[in-house]
Amino acid sequence: RDTPELIQRLEQLSQSPGQRLYFRRLMAERNMSRKQYVEAFDTYLSLVGEPDDVLITSADNSGVKVRLSAWLQGQFRDLWKAMPASQRDDLDKRIRERAAAAANQPLEVQLQFVNLFRDFPAARDLTRKVIEGLASQRDFVRAERLLTRWRRGEDHALAAEATERLARLMRDFGLDGDAAYYYADL
């Protein structure tokens, strides 16, 4: 049985950056298993500043390793899906505040935020802004990738919006056949 003293001792024993990261990962998983979603969110959030070249091994013992940012994006998505709708308002407000702060940052910082929180409704306005910024910079691949993620999502209205914007993106880049495909798909 874990006690506050035992957890504190485990944290003290976590000396290397890898051990400290693993400790925070364990704490987040502990909070998720106890349905302490806000605490899990805060713990995951504490990992956002870590170097992105860190690889995380999946918990399913498959040996698959992913970049920390990709792993965090999945954890945030899973947390949102697991959280009862009645508890989402506070978290949505906090993400909206972070999105507003990120909106005043350079496009790359905005993109980092969008990649982490793209599954949250509070990140949608910033995602739209990033897509438009990428399109205006002629960064087709990254704009298309964000739109494709929305298009494949569960929200039908958002998927339709993404399909329409994909059609315009294709047209803007002279890909008329692809544009016609997306327009026909609407």
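In this chain, residues are counted from 1 in sequence order. This one's a predicted model, so the numbers in the text were calculated from it and none came from an experiment.
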Heavy atoms, side chains only, cut-off 4.5 Å: are [X] and [Y] in contact?
{"X": "Q105", "Y": "F113", "value": "no"}
{"X": "N31", "Y": "D42", "value": "no"}
{"X": "P106", "Y": "V109", "value": "yes"}
{"X": "V114", "Y": "K129", "value": "no"}

- Message: Q110 vs L107, test: side chain to side chain contact (heavy atoms under 4.5 Å, CB included). Steps then yes/no.
- Response: CA-CA 5 Å; Q110 294 175 23; L107 184 61; 4.0 Å; yes

Work out which heavy atom in [X] is nearest to a heavy atom in [Y]; give both atom names and the distance.
{"X": "G133", "Y": "S136", "result": "O-OG, 2.9 Å"}
{"X": "A122", "Y": "I95", "result": "CB-CG2, 3.8 Å"}
{"X": "M170", "Y": "A179", "result": "CB-N, 3.5 Å"}
{"X": "A40", "Y": "L79", "result": "CB-CD1, 3.8 Å"}
{"X": "L126", "Y": "A99", "result": "CD2-O, 3.8 Å"}
{"X": "V38", "Y": "M83", "result": "N-CE, 4.4 Å"}

Measure the [atom1]-[atom2] distance between [X] and [Y] for me, rounded to the nearest 0.5 Å.
{"X": "I56", "Y": "L47", "atom1": "CD1", "atom2": "CG", "result": "7.5 Å"}
{"X": "R165", "Y": "L158", "atom1": "CZ", "atom2": "CG", "result": "14.0 Å"}
{"X": "E154", "Y": "H156", "atom1": "CD", "atom2": "NE2", "result": "8.5 Å"}
{"X": "Q36", "Y": "T43", "atom1": "CD", "atom2": "OG1", "result": "9.5 Å"}
{"X": "I131", "Y": "E161", "atom1": "CD1", "atom2": "CD", "result": "7.5 Å"}
{"X": "R145", "Y": "F140", "atom1": "CZ", "atom2": "CZ", "result": "12.0 Å"}

- Message: Would you say CZ of R34 has more than 12 non-hydrogen atoms from neighbouring residues, nucleotides or ligands within 6.0 angstrom?
- Response: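 Yes, because the 6.0 Å sphere around CZ of R34 holds more than 12 heavy atoms from other groups.
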
- I would like to know whether F173 and D178 meet side chain to side chain contact (heavy atoms under 4.5 Å, CB included); could you show each step before the answer? CA-CA 10 Å; F173 279 82; D178 292 316; over 6 Å; no

- Query: Does R118 make a cation-pi contact with W150, if we ask for NZ or CZ under 6.0 Å from the ring centre and within 45° of the axis?
  - Reply: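 No, cation not above the ring by the 6.0 Å, 45° rule.
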
Between side-chain atoms of residues 9-21 and protein atoms elsewhere (two or more places apart, or another chain), which donor-acceptor pairs fall under 3.5 Å?
residue: S14; atom: OG; partner: L10; partner atom: O; Å: 2.9
residue: Q15; atom: NE2; partner: Q12; partner atom: O; Å: 2.4
residue: S16; atom: OG; partner: Q19; partner atom: N; Å: 3.1
residue: Q19; atom: OE1; partner: Q15; partner atom: N; Å: 2.8
residue: Q19; atom: OE1; partner: S16; partner atom: N; Å: 3.0
residue: R20; atom: NH1; partner: Q15; partner atom: O; Å: 2.1

- Pair K93 + D89: basic N to acidic O under 4.0 Å: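 Between D89 and K93 there is no salt bridge, as every charged N stays at least 4.0 Å from the carboxylate O atoms.
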
- Task: Identify whether the distance between the nearest side-chain nitrogen and carboxylate oxygen of R128 and E132 falls below 4.0 Å.
- Result: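 No.
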
- Item | Pair Y182-R151, side-chain donor/acceptor within less than 3.5 Å |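 No - no donor-acceptor pair under 3.5 Å links their side chains.
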
- So, R149 and N115: side-chain donor and acceptor under 3.5 Å apart, yes or no?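 R149 vs N115: donor-acceptor pair found between side chains.
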
- Item | Test log, rule salt bridge (Lys or Arg N to Asp or Glu O under 4.0 Å), inputs E164 and R168 | CA-CA 6 Å; E164 187 276 332; R168 286 189 293 122; 2.8 Å; yes

Hydrophobic clusters here meaning ILVMFWY residues chained together by side-chain heavy-atom distances under 4.5 Å, can you tell me if [X] and [Y] are in one?
{"X": "V66", "Y": "L72", "value": "yes"}
{"X": "L186", "Y": "L169", "value": "no"}
{"X": "M32", "Y": "F120", "value": "yes"}
{"X": "V130", "Y": "V141", "value": "yes"}
{"X": "Y44", "Y": "F23", "value": "no"}

- D185/L166 under side chain to side chain contact (heavy atoms under 4.5 Å, CB included): CA gap, chis, key distance, verdict: CA-CA 11 Å; D185 197 39; L166 270 167; over 6 Å; no

- Is there a salt bridge (Lys or Arg N to Asp or Glu O under 4.0 Å) between E50 and R24 once you walk through the steps? CA-CA 12 Å; E50 296 292 326; R24 288 185 283 171; 2.6 Å; yes

- Message: Between L45 and R98, does the side chain to side chain contact (heavy atoms under 4.5 Å, CB included) criterion hold? Intermediate values first, please.
- Response: CA-CA 11 Å; L45 203 55; R98 292 182 73 86; 3.8 Å; yes

- Task: On the 0 to 90° scale, with breaks at 30° and 60°, tag the F117-F76 ring pair as parallel, tilted or perpendicular.
- Result: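 Rings of F117 and F76: tilted, 30 to 60°.
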
- Query: For the rings on F41 and W80, is their centre-to-centre separation under 6.0 Å?
  - Reply: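 No, too far apart.
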
